[in-house]
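Note that this is a predicted model, so its numbers are computed, not measured. Whatever order the structure lists them in is the order used to number ligands and atoms, beginning at 1.
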Amino acid sequence: MAQSILTINLQAIAENWRRLDRLSPPSVETGAVLKANSYGLGIGKVAPYLEKTGAKSFFVALAEEGKELRKHVSDKARIFVLSGYMKGDRSLIKKMNLIPVIVTPEQFLRFIKDLPKHKFGIQIDTGMNRLGMEPEHFLELREKIVSLKPELIMSHLGCADEEDQTMTRKQLQNFHDLTRGIKAPLSLSATGGMMLGKDYFFDLCRPGIGLFGGLPFMDGVPVLSLKIPVIQVQKVYKGEGVGYNRAWIAPRDTTLATVAAGYADGLIRGLSNNSLAYANNTPCPVVGRVSMDLVTVDVSGLQDVPEYLEFMGPIQGLDDLARQASTIGHEILTAIGQRYKKVYV
Ligand SMILES: *Cc1c(COP(=O)(O)O)cnc(C)c1O
């Protein structure tokens, strides 16, 4: 079998949720952001487990994701849709009992006309300039919005994981200014903001990557292991090139293992010539380009080449892989393709 095995530890995800939840006092709700199929790990498995652990509010990016999520959680669970109220969303929002997090005056006006009694949230832009109602528009509509009792008024931090907190504090101040005197529940922080302490908790926190053991949550437990089968072992002589464009030239006679996953599976090309695979506890360098279905690994250091090489596990975690590829854990997770055999424990 050439299928790789991705083991997903649901108990570890639940433990991470509990650890994140304990960062804030009991009066602060801890939600769970499960957009993009629960960061690639399978919403059908992750969502019910988290609901059982205590999560009551979930966030997805699209109404269609909300529809899928609704199949896996109870009717009581709140499902917030971060893209708000897009044209064509009416029937899904209504039928699946989703809560659009409205981001523009246009969305707001269309929403109150279409679904006057339906629950909603508002996202305001406090400086990230990505998604959220511009402050001047929010202030114009503020009274009307508040009178309709939103489930949540939220914003999102753009620089929470940076050492320099200037921008983050500015966003915090803007959020306070815009929401002063409002009784509706407030939310500002994803995983990154939660690390900054009580000023950033408000009424509800929205961790995503932290649930899966990713930075900037330092006290998470690892969730994943990834084992990729070795298809072929061969000798490569000094001076020979390996893989596309001969991106690696053997500096000495080498034993090479070719394993059965590539960028189509989420081993992004940034890992080319720049990453490690583990044979039990022995690190073996990835050499040459990562191709669509295959990666080549220098296993010269091994006595015996095992059936599988481990790309994520106890020694090399999600963030190690992310660092090697000059990216973040979020991208490594959501790049995971359809071909791995996912084993849930
Ligand atoms: C993705 C997202 C989150 C979760 O972010 P993490 O960094 O994964 O914790 C929270 N809020 C919003 C608005 C998001 O888009």
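Other residues sharing the hydrophobic cluster of Tyr237, ordered by chain and number and joined by side-chain separations under 4.5 Å: none, the residue standing alone.
For the salt bridge (Lys or Arg N to Asp or Glu O under 4.0 Å) condition, no pair includes a residue of residues 81-102, sequence neighbours left out.
Summarising the geometry of Phe138 relative to Leu178, their closest heavy-atom pair is CE2-O, 3.3 Å, with the distance given to 0.1 Å.
Under the side chain to side chain contact (heavy atoms under 4.5 Å, CB included) criterion, Thr166 pairs with Asp164, not counting sequence neighbours.
Partner of Lys56 under the side chain to side chain contact (heavy atoms under 4.5 Å, CB included) criterion, out of Glu29, Glu51, Arg78: Glu29 alone.
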Tell me, with the steps shown, if Asp21 and Arg18 meet salt bridge (Lys or Arg N to Asp or Glu O under 4.0 Å). CA-CA 5 Å; Asp21 185 47; Arg18 282 192 292 265; over 6 Å; no
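Annotation: ligand 1 has protein neighbours Val33, Lys35, Tyr39, Leu82, Arg130, Met154, His156, Ala190, Thr191, Arg206, Pro207, Gly208, Ile209, His330, each with a heavy atom less than 4.0 angstrom from the ligand.
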